[in-house]
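Shown next, in structure tokens, is the structure this report addresses.
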Amino acid sequence: MDDLFGQGPGNDDDGSDGPSSSDRAGASRSAAQRSPLAVRMRPRTLDDVVGQQHLLGQGSPLRQLAAGTDAVGPAGPSSLILWGPPGTGKTTLAHVIAKGTGRKFVELSAITAGVKDVRRVMDEALTARDLYKTTTVLFLDEIHRFNKAQQDALLPGVENRWVVLVAATTENPSFSVVSPLLSRSLLLTLKPLTDADIEGLLQRAVADERGLNGKVELTDEALGHLVRLSGGDARRALTALEAAAGVAFGDADDADTDSPVTVELKHTERALDVAAVRYDRAGDQHYDVASAFIKSVRGSDVDAALHYLARMLEAGEDPRFIARRIVISAAEDVGMADPTALQTAVAAAQAVQLIGMPEGRIVLAEAVVHLATAPKSNAAYMGINKAIADVRAGLGNGIPAHLRDAHYPGSKQLGHGKGYKYAHDAPHSVASQQYPPDDLVGKDYYDPTANGAERDIAVRLERLRKIIRGS
């Protein structure tokens, strides 16, 4: 079983002067087996890529680039910027593109590379093209970490086709990549991998000879746990599978080595030191936990609210779903008692879209704390419900003539706008006149509470109604 992880004993010395071809082949296989599972399972062709089917259709730019043809014709850009969450295949796509005939692969990281490194790659790429008819595929990881001067150093090579640049970023390129480089590249957005994508990837890794080669079996619980904890990240899923398999092999040292070892839930928990969260995103637990979360926010129990937030996040719930619930809660449960709560909630939803996970958890937590500790009012929510109920009941017929549009020809002959009082001409910009239809005069929909900011709103509203209604 040690051979699975590249830890088996070497061959005995046979007294020969050098390694035989079989020895060299065995050494090569051993070295490959020592590579991480995520590296061994890296797709060799676009057909092996998991997910991203919206980018992999026949005739797509990725297909053309991988086949060695220009992405968008002789006059268009042949470089790519791949934008997406971690573990969605950005590095993988770069490697596949580099496998084309007459291609040379060079990888730089924006964390460690500088302008000198970029210029050196460009000079070598130009030489390789002119002397050896070889195209250099430059994979630049985390391009958003490059400053303007470093990105500008890429422009000559991209514009003159010295290199095929494949740049990867987890941040919005519109804000992190200079415009000249962005305009000369094709921007492709990678989507998070689905649970089905991750599940298929794990099952392939179990069976594939490059992976675990059928030497393990996954129980449904173990598979589900690995899928949930991956968060749509293929690399994380494969790393977790490899760790869990190592634990299972450790437990099975005395077992029958000819039979596949079963990887159970307990092995995944021990390997990852994370207990399986009992949460089904498509079942009752999904709705129960979400319900408990919202009710805890509404009930001002910030600690319970953070607990349910953590349960959803650890179970792999879509953070955008959580953000939407927070926005709704801000309007429904906090309302005008703290008008800034909705601003916080909307900002949190936008920030989660921008930065993704795992940092998004911090933004969501801040919004939850704000809402849970804020004064509460559902007066605005109840107000619109009352107004809708009256509309559905047929109330509110007509519009007072003085409020009707008086700008089109013939409107004044109909009396439109006659007697209208311009509010800004009145004291305090509040004029006494009728605004609602005749059958709704004096009807109150909004009934502010005495909580938070609504305490002051209630006092002001009482004065406004008296002036407007002339009472």
Side-chain angles (χ1 to χ4, degrees), residues 38-39 41-101 103 105-108 110 135-144 154 158 161 163-177 181-205 227 230-238 318-320 353-357:
V39 174
M41 289 302 299
R42 181 165 285 161
R44 296 166 175 167
T45 68
L46 289 181
D47 292 331
D48 295 334
V49 173
V50 173
Q52 315 309 335
Q53 295 307 305
H54 64 295
L55 301 177
L56 299 176
Q58 292 300 321
S60 67
L62 275 178
R63 291 279 180 188
Q64 295 183 47
L65 262 180
T69 56
D70 201 310
V72 290
S78 60
S79 293
L80 298 177
I81 296 177
L82 303 176
W83 173 32
T88 50
K90 298 185 290 294
T91 305
T92 292
L93 290 173
H95 277 277
V96 171
I97 290 170
K99 290 182 183 295
T101 304
R103 298 277 177 85
F105 183 77
V106 177
E107 183 172 359
L108 291 178
T135 300
T136 299
V137 176
L138 170 59
F139 177 64
L140 180 59
D141 199 14
E142 301 194 73
I143 189 175
H144 56 270
L154 295 166
V158 171
R161 305 290 181 84
V163 298
V164 172
L165 173 67
V166 180
T169 178
T170 56
E171 296 189 5
N172 191 331
S174 299
F175 303 108
S176 57
V177 178
L181 186 58
L182 198 60
S183 66
R184 289 166 173 79
S185 306
L186 191 64
L187 174 60
L188 301 180
T189 303
L190 279 68
K191 297 179 180 179
L193 299 182
T194 65
D195 286 355
D197 292 333
I198 296 293
E199 185 175 322
L201 176 66
L202 291 172
Q203 291 173 334
R204 183 194 301 175
V227 169
S230 72
D233 187 323
R235 190 184 305 108
R236 184 189 302 172
L238 291 171
D318 187 343
R320 295 171 298 180
Q353 290 270 24
L354 179 64
I355 66 175
M357 296 295 289

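Residues take their numbers from the sequence shown, with the count starting at 1.
The side-chain heavy atoms of Asp141 and Leu108, taken from C-beta on, include no pair separated by under 4.5 Å. Contact annotation: the side chain of Leu82 never approaches that of Leu187 to less than 4.5 Å [non-hydrogen atoms, C-beta and beyond]. Contact annotation: the side chain of Thr136 never approaches that of Arg103 to less than 4.5 Å [non-hydrogen atoms, C-beta and beyond]. The closest side-chain heavy-atom distance from Val164 to Leu138 is not below 4.5 Å. Side-chain contact check for Leu181 versus Ile143: some heavy-atom pair is nearer than 4.5 Å. Proximity of Leu80 to Leu165: side-chain heavy atoms (C-beta onward) are nowhere separated by under 4.5 Å.
Annotation: Arg235, atom CZ; neighbour count of heavy atoms from other residues, nucleotides and ligands within 6.0 Å does not exceed 12.
Counting all heavy atoms, side chain and backbone alike, Ala234 lies closest to Leu201 at CB-CD2, 3.5 Å. Pairing each heavy atom of Thr88 with each of Lys191, the nearest pair is CG2-O, 3.5 Å. Nearest heavy atoms, Thr169 versus His144: OG1-ND1, 2.8 Å. The heavy-atom pair separating Asp48 from Arg204 by the smallest distance is O-NH1, 2.8 Å. Here the closest non-hydrogen pair linking Pro43 and Val96 is O-CG2, 3.7 Å. The two residues Ala94 and Phe139 have their closest heavy-atom pair at CB-CD1, 3.3 Å.
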Derivation of the side chain to side chain contact (heavy atoms under 4.5 Å, CB included) call for Gln52 and Leu193: CA-CA 8 Å; Gln52 315 309 335; Leu193 299 182; 3.8 Å; yes

Side chain to side chain contact (heavy atoms under 4.5 Å, CB included) for Arg44 and His95? Distances and angles first, verdict last. CA-CA 8 Å; Arg44 296 166 175 167; His95 277 277; over 6 Å; no

If you apply the rule side chain to side chain contact (heavy atoms under 4.5 Å, CB included), what do you find for Val137 with Val163, and how did you get there? CA-CA 6 Å; Val137 176; Val163 298; over 6 Å; no

Determine, step by step, whether Leu186 and Ile81 satisfy the side chain to side chain contact (heavy atoms under 4.5 Å, CB included) criterion, reporting the C-alpha distance in whole Å, the side-chain angles of both residues, the deciding distance to 0.1 Å, and the verdict. CA-CA 6 Å; Leu186 191 64; Ile81 296 177; over 6 Å; no

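When atom types are taken as modelled, the side chain of Lys90 and the backbone of Gly84 share a donor-acceptor pair closer than 3.5 angstrom. Between the Thr92 side chain and the Arg42 main chain, no donor and acceptor come within less than 3.5 Å of each other.
Interatomic distance, CG of Leu354 versus CD of Glu171, reported as 7.0 Å (0.5 Å rounding). Within the model, atoms CG of Leu182 and OG of Ser79 stand 12.0 Å from one another, a figure rounded to the nearest 0.5 Å. Interatomic distance, Arg184 CZ to Leu154 CG, rounded to the nearest 0.5 Å: 12.0 Å. One finds the CD atom of Glu107 at 6.0 Å from the OG1 atom of Thr91 (value rounded to the nearest 0.5 Å).
At a cut-off of 3.5 Å, with distance as the only test, no side-chain donor of Asp233 or Ser230 sits close to an acceptor on the other residue.
Checking Ser176, Pro86, Pro85 one by one against Thr170, the side chain to side chain contact (heavy atoms under 4.5 Å, CB included) holds for a single residue, Pro86.
Between Arg63 and Asp47 a salt bridge is recorded (basic side-chain N to carboxylate O distance below 4.0 Å).
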